[in-house]
Amino acid sequence: VLIALLMTLLGSVLGPALASAQPAPPAQNYSIATDTTFAPFEFQDETGKLVGIDMDLLAAIAVDQGFDYTVEQVGFDTALQGVTSGQFNGMIAGMSITDERKATFDFSDPYFDSGVQMAILDSNDEIKGYEDLRGKSVAVKNGTEGATFATSIADQYGFTIRSFDDSATMFEEVRTGNSAAAFEDYPVLAYGITQGNGFKTVTEKEAGASYGFAVAKGTNAQLLDQFNTGLENLRANGQYDEILDTYLNADASTADTSIPGLIASSWQLLLKGLWLTIVLTVISIAIALVLGGIFGLFRVSTNIVLRGIGTTYVDIFRGTPLLVQAFFIYFGVPAALNFQMSAFTAGIITLSLNAGAYMAEIVRGGILAVDKGQMEASRSLGISYLKSMRKVVMPQAIRTMIPSYINQFVITLKDTSLLSVIGLAELTQTGRLIIARNFESFNMWLIVGVLYFIIIMALTKLSNRLEKRINK
Ligand code: GLN
C-alpha cells in the first residue's frame with residue numbers, strides 16, 4: 001500500500017512534468033522492443049543509429065502499412081518480459097518461433113531461418129566438438145534458444161553454464177578465456193566472424209526455428225496483420241532481398257580501435273549517454289531530497305503512525321536491491337495495474353525512491369545529532385514543536401547532513417548505471433552498445449570509467465565549495 005501510495009504521489013508530481021517533455025504518442029504509434037545488440041539483425045552503426053535486418057524490415061513494413069512506431073532497445077530477455085507484461089506492443093529481435101513461446105506470444109509469418117551453433121575463439125585448437133567442453137564453462141544469453149540448447153546438453157557433455165544479458169558480454173566472457181564457448185544463432189556468428197570478432201565455429205549448426213515478429217498472445221492483432229501483409233509486399237517487390245543482401249554481404253569493418261580513434265568515433269554517443277546519466281541523477285536526487293526530508297521527519301516524529309510509515313519506507317527500499325526495485329517498478333507494477341510506463345519514468349521513480357530512503361536516514365541522523373537540550377530549551381520558551389524544529393534544530397542538523405548528502409549524490413550517479421538493465425541508454429549502456437560493435441572492451445571501459453571519474457570529481461569539488469559556503 002505504501003509503495004502504491006508513493007507511486008501515485010510521484011506519478012502526480014512527475015506526470016505533468018514528463019508529459020510536457022514527451023507528448024502523448026498518436027493512436028498508431030506502436031512501441032516495439034528489440035535486443036540491445038544482435039548484429040546483423042539489430043545493432044548500432046558508427047553514428048549510433050540502430051540498423052540491421054530487423055530494423056530495416058520493420059521500417060519498410062511500417063512505411064508500407066502506414067503505422068508509426070518507437071523502438072525500445074531493451075535487450076532480449078527484457079523484451080520478452082516487457083511484451084508479455086504489456087509494456088511493449090510487440091518485439092522484433094531475431095526471435096525464434098518456438099512451440100513453448102507460442103503459449104505466451106502470437107507470431108508473424110517467419111521471415112528468416114536460423115539455428116544455434118557453438119562459437120569458440122579462433123585461437124582455440126583444443127575444442128573440436130561438444131565432448132571437449134567437459135569440465136569447462138559455456139557462456140549463453142538469458143532467455144535465448146542458444147541458452148535452451150546449451151542447457152539441454154550440459155549434463156551430457158559435463159559443462160557448466162554462465163548466463164549473460166546481451167550477446168556482447170557473452171562473447172566478452174569467451175574472449176577473456178573464462179568460458180570456453182558460446183552458443184548463439186549461426187547467422188549472428190557468421191556475421192561477427194566476417195566482421196573480425198576473433199571467433200570460429202567447429203561444429204555444425206543445430207536445426208533451429210525461424211525468426212518471427214511477436215506480440216503478446218491475444219493482443220495487437222492489427223499490428224500482427226500489418227506486419228504480415230507488409231512482409232508479403234516486401235517479398236513481392238524485392239525490398240526484402242535487398243535488405244538481407246545489404247547485411248549478409250557486408251564488408252569487414254575497418255574501424256580505428258585505438259583510444260584516440262574510439263574517442264573520435266564515439267564521443268557524440270558517449271556525451272549523449274553521459275547527459276542522460278546526469279539528467280537521471282539530478283532529477284532523482286531532487287525528488288529524493290524531498291522524500292528524504294518528509295520521511296526523515298516522520299522517522300523522528302513523536303507520532304507513532306508517522307514513525308511507522310517512515311520506518312516501513314526506509315526498510316523496504318534499503319532492504320531490497322536497486323535492481324529488483326527497477327524490475328518491479330518497470331515490469332511488475334505496470335503489468336499488475338495494466339498501464340505502460342517509459343523506462344525513463346521508471347528509472348526516475350526507482351532512483352528517487354531508493355535514494356529517498358537513504359536520505360531519510362541522513363535526515364534522521366542529522367536531527368538526532370543535535371543535542372536534545374536544544375529542542376527542550378526552545379520548547380520551554382513556548383515555541384511550538386514545528387517551529388523549534390525549523391528554526392533551532394534543522395539549521396544545526398543540516399550542517400552535519402551535508403557530507404552525507406554529497407555522498408548519496410555520488411552513489412546515485414553511479415547507481416544510474418544499473419538502469420541499463422531496463423534499456424536506458426545512459427553512459428554504461430552506451431559503452432556496452434559501442435563495444436558490441438567494435439569488440440574493444442578494454443579501451444572502451446577505460447574511457448567510460450574515466451568519464452564517470454571526471455564527472456564525479458567535478459561534482460565533488462563543486463559540492464565541497466558549497467559546503468564551505470554553507471558552513472560559513
Ligand atoms: N533466436 C534466439 C531466440 O529467439 C536469439 C534471439 C536473440 O538473442 N536476440 O532465442
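Counting from 1, the numbers follow the sequence of the chain as shown.
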Let me see the working for Glu72 and Met91 under side-chain contact (heavy atoms from CB on, under 4.5 Å), right down to the final yes or no.
CA-CA 9 Å; Glu72 308 282 351; Met91 72 183 274; over 6 Å; no
What one should report as the nearest heavy-atom pair of Ala33 and Ala79 is CB-CB, 3.7 Å
Could you verify whether a donor N or O on one side chain and an acceptor N or O on the other, from Tyr191 and Asn197, lie under 3.5 Å apart?
no
Between Thr169 and Asp166, does the side chain to side chain donor-acceptor pair (under 3.5 Å) criterion hold? Intermediate values first, please.
CA-CA 6 Å; Thr169 320; Asp166 59 288; 2.7 Å; yes
Counting only N and O atoms by type, is there a donor-acceptor contact under 3.5 Å from the side chain of Arg101 to the main-chain atoms of Ser96?
yes
Quick one: does Tyr247's side chain have a donor or acceptor within less than 3.5 Å of a partner on Gly52's backbone?
yes
Kindly indicate, with the supporting measurements, whether the criterion side-chain contact (heavy atoms from CB on, under 4.5 Å) is fulfilled by Phe38 and Val188.
CA-CA 7 Å; Phe38 198 57; Val188 174; 3.4 Å; yes
Return yes if a side-chain donor-acceptor contact under 3.5 Å exists between Thr34 and Glu42, otherwise no.
yes
With a 3.5 Å distance limit and no angle check, can you tell me whether Ser265 reaches the backbone of Leu262 through a side-chain donor-acceptor pair?
yes
Which heavy atom of Ile120 sits nearest to which heavy atom of Ala181, and what is that distance?
CG2-CB, 3.7 Å
Taking the ring of Tyr358 and the ring of Phe317, is the distance between their centroids below 6.0 Å?
no
Compare every heavy atom of Pro395 with every heavy atom of Lys391, then report the nearest pair and how far apart it is.
O-CG, 3.3 Å
Between OG of Ser266 and CD of Glu440, what distance do you get to the nearest 0.5 Å?
11.0 Å
Determine whether Leu274 and Thr430 make a side-chain contact, defined as any pair of heavy atoms from C-beta on separated by less than 4.5 Å.
no
Within the side chain of Tyr313, is there an N or O that forms a donor-acceptor pair under 3.5 Å with the backbone of Leu353?
yes
Look at atom NZ of Lys136 and say whether more than 12 heavy atoms of other residues, nucleotides or ligands are closer to it than 6.0 Å.
yes
When you compare the side chain of Ile309 with that of Phe295, does any pair of heavy atoms fall below 4.5 Å?
yes
Check the side chains of Ser441 and Glu172 for a donor-acceptor pair under 3.5 angstrom, ignoring hydrogens and angles.
yes
Is any side-chain heavy atom of Arg364 closer than 4.5 Å to one of Val314?
no
d(Ser179 OG, Phe159 CZ) to nearest 0.5 Å is 10.5 Å
Stepwise, does the salt bridge (charged side-chain N to carboxylate O under 4.0 Å, His left out) test hold for Asp165 with Arg432?
CA-CA 11 Å; Asp165 263 349; Arg432 266 210 244 183; 5.1 Å; no
Gap between atom CG of Leu280 and atom CG of Leu427 - 0.5 Å precision:
11.5 Å
Can you confirm whether Leu351 sits close enough to Asn354 that some side-chain heavy atom of one is under 4.5 Å from a side-chain heavy atom of the other?
no
Gap between atom CG of Asp35 and atom CZ of Phe76 - 0.5 Å precision:
7.0 Å
State, without any angle test, whether Thr70 and Asn29 hold a side-chain donor-acceptor pair at a distance under 3.5 Å.
yes
Does either side chain, that of Thr350 or that of Gln325, offer a donor lying less than 3.5 Å from an acceptor on the other one?
no
So, the side chain of Asn89 versus the backbone of Ser31: is there a donor-acceptor pair under 3.5 Å, distance only?
yes
If only atom types and distance count, is the side chain of Gln396 paired as donor or acceptor with the main-chain N or O of Val392 below 3.5 Å?
yes
When every non-hydrogen atom of Pro187 is compared with those of Tyr211, the smallest separation belongs to CG-OH, 4.1 Å
How far does CD1 of Ile411 sit from OG1 of Thr416, to the nearest 0.5 angstrom?
12.5 Å
Main-chain N/O of Ala190 paired to Thr194 side chain as donor or acceptor, under 3.5 Å:
yes
Start with the C-alpha distance between Tyr30 and Phe67, add both sets of side-chain angles, then the distance that settles ring-ring contact (aromatic ring centres under 6.0 Å, His included), and finish with yes or no.
CA-CA 8 Å; Tyr30 297 114; Phe67 63 80; 5.4 Å; yes
Do Asp415 and Thr412 have a side chain donor and acceptor closer than 3.5 Å?
no
Does the ring centre of Phe199 sit less than 6.0 Å away from the ring centre of Phe171?
yes
Check Lys141 with Asp185, please: is the shortest side-chain N to carboxylate O separation under 4.0 Å?
no
Pair Ser342, Thr345: side-chain N/O donor-acceptor within cut-off below 3.5 Å:
yes
Look at Glu467 together with Arg399 and state whether they make a salt bridge at an N to O cut-off of under 4.0 Å.
no
Looking just at side-chain N and O atoms, do Ser388 and Ser378 make a donor-acceptor pair shorter than 3.5 Å?
yes
Nearest heavy-atom neighbours spanning Ile349 and Met341:
CD1-SD, 4.1 Å
Atom of Thr400, atom of Gly366 and distance for their closest heavy-atom approach
OG1-CA, 3.7 Å
Please lay out, stage by stage, how Leu189 and Thr201 fare under the test side-chain contact (heavy atoms from CB on, under 4.5 Å).
CA-CA 8 Å; Leu189 286 181; Thr201 54; 4.0 Å; yes
Parallel, tilted or perpendicular: which fits the ring planes of Phe213 and Phe227, with parallel below 30° and perpendicular above 60°?
parallel
So do Phe339 and Val333 actually touch side chain to side chain, heavy atoms under 4.5 Å?
yes
Within-4.5 Å side-chain heavy-atom neighbours: Met118 and Glu184:
no
Please confirm whether the backbone N or O of Gly48 pairs with a side-chain atom of Asp45, one donor and one acceptor, at under 3.5 Å?
yes
Side chains of Thr36 and Gln73: any donor to acceptor distance under 3.5 Å?
no
Do Val421 and Phe327 come close enough that some side-chain heavy atom pair is under 4.5 Å?
yes
Polar side-chain atom of Ser420 near backbone of Gly423 as donor-acceptor pair, under 3.5 Å
no
Side chains of Gln44 and Leu269: closer than 4.5 Å at any heavy-atom pair?
yes
Any donor-acceptor pair under 3.5 Å from Arg307 side chain to Ser301 backbone:
yes
Could you give me the CA-CA distance, side-chain angles and deciding distance for Arg299 and Leu306, then say whether side-chain contact (heavy atoms from CB on, under 4.5 Å) is met?
CA-CA 7 Å; Arg299 291 272 280 156; Leu306 291 184; over 6 Å; no
Working to the nearest 0.5 angstrom, can you tell me the gap between Asn443 CG and Ile434 CD1?
12.5 Å
